[in-house]
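Data first, discussion second: the structure below is written as structure tokens.
Nothing here was measured: the structure is a model prediction, and the numbers come from that model.
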Amino acid sequence: MSNYDHDKIEKKWQERWRKEEIYKDYTRPKKFYALDMFPYPSGAGLHVGHPKGYIATDVFSRYKMLQGYSVLHPMGWDAFGLPAENYAIVNKIHPRVAVEQNITTFKKQLEKFGFTYDWEREINTTDPEYYKWTQWAFLKMFEKGLAYQSDEAINWCPKCQTGLALEDLEGGVCERCGTEVEQKKMRQWVLKMTAYADRLLYDLDKEKLNWEEAILEQQRNWIGRSEGAQFKMAIVGSEEKLEVFTTRLDTVFGMTFALIAPEHNLVQKLKPQIKNWSEVEKYIDQAQKKTDLQRQTEIKKKTGVELKGVKVINPFTKKEISLFASDFVLASYGTGAVMAVPSHDSRDWDFADKYRILKIQVIDPVFEENISVSNVYPSFIPSTLKGETIEDATKRWRKQELERIKKGERCFTDDGVLINSGEYNGLASAEARKKMIKWLEKEKIGQSAVNYKMRDWVFSRQRYWGEPIPIVHCEKCGAVAVPYNELPLKLPEVEQYEPTGTGEGPLVGISEWVNTKCPKCGGPGKRETNTMPQWAGSSWYYLRYIDPKNKQALVDKQKEKDWMPVDLYVGGAEHATRHLLYARFWHKFLYDIGAVSTPEPFKRLVHVGLIQAEDGRKMSKRWDNVINPDDVIEQYGADSIRLYEMFMGPFTQNISWSTKSVVGVKRFLDRTWNCFFADYTGIFINDEDRNKWIKGEAGAEGVTSHEIEVLLNKTIKKVSEDIENLKFNTAISQLMVLGNSFYKVGEKERIPLGSSLDKYYSESINGQRIKKSDFEKFVILLAPFAPHMAEELWSNLGHDKSIFTESWPEYDPALIKEDTIQLPVQVNGKVRAVLSAPADISEEEAKKLALSDENVKKWLEGKEPKKVIFVKGRLLNLLV
RNA sequence: GCCGCUGUGGUGAAAUUGGCAGACACGUGCGACUCAAAAUCGCAUGGGUAACCCCCAUGUCGGUUCGACUCCGACCAGCGGCACCA
């Protein structure tokens, strides 16, 4: 026996696992699919934060294996995209070469953790055999009219020199490089994600996704569904109509002007009528020059220009009102024009203030006797003062509101009851909206309508390092799909892959690639030179792991059914509205064409908390605070870093790394080893004695006290539950409690490591030890977290087969209850004594016991308790 | 501004979901072992108090309750998302 040499032992087991492939048993009846968000192999290599999520899925995978599941736990590389390309440009190296190098580094680093990845299923989004199916899916969308070309203005990053999707922006700047984006009109490919908006929203609930509420909420907000009404207003002296969308049709009688986006084409159409055209034109010019960022910083400063000579008729009041062009109206949302009700919309209020426009109050913040509160204020209860009823508080609040509104101090934006609204007076807002929509329908000028914040997915990039879009442009036939049997359409090798800046991709320079035949008519055609965005390959990769070598289909249908949906998906929260939205959309499309069998890809999603540097900042080369896992593994071992990252705090929380704290789990592992296998534990008389214990020979088998037996069973229960709930930190702390108690069994006989042996050998050794089978249960519980040490212990305990062929221990429900408990006794709610008592002690008994306690007597001051509160097995509270 | 999350020792954090606040671990102090140091082992460690009984203590203020880290209300601070979406 010897002390634990983590480096040697971990390498040994990793080697054996690779050889024996014990994880690749896919024949068991129960299946579990554990998925990590695959990394982007950057040049910097891994820091200790990256593997945290991988460790979690690995712990879960090993736990499920021990429970008898076939577990799919794959890994791959998301290697297309701007960062690889920019890295390649800076380092003057081809992106393909850079990616290959980086993957080698990443893989080497990951392998040191002893993960259960099935590397035969490794995928790489830049592999033509992989992106063939990315292109295939695109063509399917093209076939169904879901991939289309558009010339709308889109977000353009002048530094990355490419168009971007809405999801690629962060507060008006490019998410990658932080440059302010511009609006640029250009030809681009767009995926019709909005066609799936409702399903993307409703399936979050309907499919009962076990996702964190925070991420569900982010998706809901991002999709941003608004229900309302859309209607047309006549323009005096013109055939044109002004169509608006509103969620507050109930305020329509308060409309005192209307607003239109400056770039709206109706403005151009009304030019002959507009008396101040030069002024209007100037405003449009200015508005177009503004960046998103400028617009955002100017939120409070509303600007606009009246279209003089244009009058719009409010269909409800038949009154003529003015029309203004203003850049706070978004051309891309709704109809690009809105009705303005200054009394009940804060933006219209600001605008009306500036241009001195009339405000008419049409909503009373009140409820009449015959209208219930919930009808008017579904989510609002005014705060009450001391002793005040809700009714009183509502009245007081209403009075206050009314005064403010009358004084013109307050813009009231909640629902209420209609006033100044003709026949609709007295109706609650919600009811009024319904009736007004009916009226619009009857008059045939409008109807109910739904709008989304989410936009269609701008899908083309004017860059080199991405999947080529498999389309040929033909003068006669237009955009024609590359035939399926010609896929993959390979990305050609080029000398120059720097962006052109012209709005065309760098591929445009390779004439022998660009010039081709039209697949339809055989005439001259030109290939599409835009490439797909980074998010394309990651939108369906989890399907390819299931069937990575398939040449006939994206995934085999039976295999897909066997594994999908993903049972546990772990990754960063930053993907809430990007990857996770795209992947769900892509998946739903594949579902619709019958390629997959489930409407949702990820049944359970957990987001991993970031590991920050010790200084609390993000780990980054820039701050020189990066911790490399290789160094930690070298010093403390893979099991230690695995255990530490799971133990450092709640899994989903951001926590700062602390190298100092790693020694805590390292000590725990060493103690576990030293329990029975250190050179001189003292609890064995000699190696022969130890071997007897291992073989279970009579007289050497040891005893487990009832106390420890209870603790062991409790630990089995807690560790199982905690792993299920990804509460790894408390699972480990429970394992430590159990481990410490094992260690303490032989405490008196244990020799401190490095001590002079003579001194100890003179003392008696009584050979106290626990039963081997109980220690083995503990080792299995530890195995998902510290697999290397568990295997080594297991083999030292006399087993030939891997510990992962064993089964997860079950607890005995009879043995998780303690016989005696520490019963707290309170007097007037304060603990005055803690008494040892049988767990099932009755109230009478407990009271008797408590009344005999000195300290309890003292606090009772001789009085008889007026009331006794007894919670069985919990506490006793005496009130006097 | 709107939406969501979080606030507990010197530090990372626990708390069976309303029942002994601080499990487990880091750090620190003292002790054992050692010529010495490291490692290892033991004891202590929220604050007040010399100390016990005790008193105070889970961001702040209030409420419900026999009893609140936990539930309710208001506020404060921090983090994340969205941001003129009509």
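- Among the heavy atoms of the strands lying under 4.0 Å from A:Val871 is at least one base atom, whether or not backbone atoms are also near.
- Between the NZ atom of A:Lys660 and the P atom of B:rC26 there is a distance of 12 Å, rounded to whole Å.
- B:rG10 is paired with B:rC26 under the criterion used here, namely a Watson-Crick or G-U wobble arrangement in which both key atom distances are under 3.5 Å.
- Counting any heavy atom pair closer than 4.0 Å across all strands shown, A:Asn451 reaches no nucleic acid atom.
- If you check distances only, the side chain of A:Lys858 never reaches the base of B:rC53 with a donor-acceptor pair under 3.5 Å.
- Using a 4.0 Å heavy-atom distance criterion, A:Ile869 is classed as a base contact.
- Among the atoms of the strands shown, none is found under 4.0 Å from any heavy atom of A:Lys866.
- B:rU40 takes the anti form, because its glycosidic angle lies more than 90° either side of 0.
- Here B:rG1 sits opposite B:rC82 as a Watson-Crick or G-U wobble pair (both hydrogen-bonding atom distances under 3.5 Å).
- Within 4.0 Å (heavy atoms only), A:Gln826 reaches at least one base atom of the nucleic acid.
- B:rU64 makes up no base pair with any nucleotide shown, lacking Watson-Crick or G-U wobble contacts both under 3.5 Å.
- Checking B:rC55, B:rC26, B:rC24 against the side-chain heavy atoms of A:Asn740 singles out B:rC24 as nearest.
- Residue A:Arg671 places no side-chain atom within donor-acceptor reach of the base of B:rU40, judged by atom type and a 3.5 Å distance cut-off alone.
- At the heavy-atom level, A:Ser226 lies under 4.0 Å from the strands shown only through sugar-phosphate atoms.
- The residue A:Val834 sits close to a base: some heavy atom pair falls under 4.0 Å.
- For the residue pair A:Ser836 / A:Gln822, a side-chain donor-acceptor distance below 3.5 Å is found, with atom types taken as modelled.
- Distances were taken from every side-chain heavy atom of A:Arg874 (C-beta onward) to each of B:rA15, B:rA13, B:rG19; the shortest belongs to B:rG19.
- As rounded to the nearest Å, B:rC66 and B:rC54 have P atoms that lie 24 Å from one another.
- In this structure, A:Leu878 atom CG and B:rC66 atom C1' are separated by 11 Å, rounded to whole Å.
- The nucleotide whose nearest atom lies closest to any side-chain atom of A:Ser733 is, among B:rG4, B:rA23, B:rC54, B:rA23.
- Atom-to-atom, CD of A:Gln653 to P of B:rG7 comes out at 8 Å; the value is rounded to the nearest Å.
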